[in-house]
Amino acid sequence: MSLLSCLSLLFCNMSTFVVGDVHGCFAQFIRLLDKMNFNPSEDKIILTGDLVNRGTESLAMINFCMANPNIQTVLGNHDLYLLYLLSVNKGKGKLKTIVEAKNSQKIYKWLISRPLFIKEKDLISGNTFFITHAGIPEIWSPSKAQKLAKEVSNALKGNPKKFLSTMWGDRPRTWNDKLKGTDRYRIIVNYLTRMRFVNESATLDLKSTGSKNIDGFKPWFKYNSDKYKERNYYFLFGHWAALNGKTKNKHFVGLDTGCAWKGKLTAMRLEDLKKFSVNY
Ligand SMILES: [Mn+2]
C-alpha cells in the first residue's frame with residue numbers, strides 16, 4: 001500500500017473546518033455545523049475570531065466553544081475588547097451578559113490563552129494553512145508572524161491588565177523591527193486583528209472599512225501574493241465583512257461573509273477546500 005493511501009485511510013474520516021466570524025450568531029453557527037455534517041468526535045473546527053459582539057447570543061457561543069475542546073479559535077479585535085471589559089469588570093452593550101455571567105472568570109481564563117495565529121498542515125494535499133483574524137502583512141513571512149503572535153500572547157498572559165489597557169490606538173502605523181514594549185505589541189495586534197488596507201511600506205490605514213481602494217493603499221493580500229502559489233500556502237482570515245469573501249486569489253480566503261449584518265456564515269473544509277454557508 002502506498003504512503004498516500006495509508007494516510008487517506010488514517011485521515012479520511014477526519015475533517016478540519018475553518019469558520020468565519022460568528023459575532024454572537026450562535027443559532028446560525030449550529031445550523032452551519034449541521035450543514036457541514038460536523039462530527040464532534042472526529043472533526044475539528046478553527047474559528048477566525050470575533051466570536052462575540054453584534055449578535056445576540058455571544059455568551060452561548062463562548063460557552064459552546066469552551067465545552068468543546070475540538071473547537072479552536074484565534075483572537076479577533078472584538079474578543080480582545082471582551083478581554084479588556086472582563087479585566088476591568090465593566091459590562092457594555094452586547095457583551096454585558098458575558099461580563100456579568102456567573103462563569104465570567106472561567107471565560108476570561110479561557111479567552112486569554114487563545115492564540116492570534118494558527119498553522120495547520122494537510123498531509124495528503126501538502127497544503128499549509130495560516131489562520132489569523134485579519135491577515136498577515138506581506139513584510140512578515142508566516143513564520144515571523146507566528147513568532148510575533150507568540151510574543152504578543154506571552155505579553156498578554158504575563159501582564160494582562162497592562163497589556164489590555166495600553167493595547168488601544170492606531171499608532172504606530174508602520175512596522176519596524178526595533179519597536180519595543182507597548183508600541184510593539186499594539187502594532188502586532190493591529191496587523192493581526194484589525195488590518196485591511198496597507199501601502200507599499202505596510203503602513204496601516206485603520207480608518208477604512210469598505211472594499212474600495214484608497215489612494216496609495218491596497219488590501220493587504222494584494223502585495224506579492226503570487227509567491228505563495230508554488231508553496232501551497234493558504235491564508236485564511238475573517239474580519240473584513242465588506243469583502244464578502246472576494247479576494248480574487250484562491251490563496252487568500254476571506255471567511256467573514258457578514259453574518260452579523262444578516263449576510264451569511266461561511267466555513268471552508270481544509271481537506272478539499274470546499275466552502276459551506278448558511279444564511280442569517
Ligand atoms: Mn474583526
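Start at 1 and go down the list; that is how both ligands and their atoms are numbered.
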(request) Identify which one of Thr266, Ile30, Asp34, Leu32 satisfies the side chain to side chain contact (heavy atoms under 4.5 Å, CB included) criterion when paired with Val278. (result) Leu32
(request) Would you mind naming the N, O or S atom of His239 nearest to the Mn ion (ligand 1)? (result) ND1
(message) For a distance under 2.8 Å, tell me if His133 has an N/O/S atom near the Mn ion (ligand 1).
(response) yes
(message) Can you see whether Trp168 engages Asp170 through a side-chain donor-acceptor pair at a distance of less than 3.5 angstrom?
(response) no
(message) Consider ring pair (Phe, Tyr, Trp, His ring centres under 6.0 Å). Of Phe252, Phe197, Tyr191, which one does Trp220 pass it with?
(response) Phe252
(message) Among Thr73, Asp256, Asn77, which residue satisfies the side chain to side chain donor-acceptor pair (under 3.5 Å) criterion with His133?
(response) Asn77
(request) Nearest 10° is fine: what angle sits at the Mn ion (ligand 1) between OD2 from Asp50 and OD1 from Asn77? (result) 90°
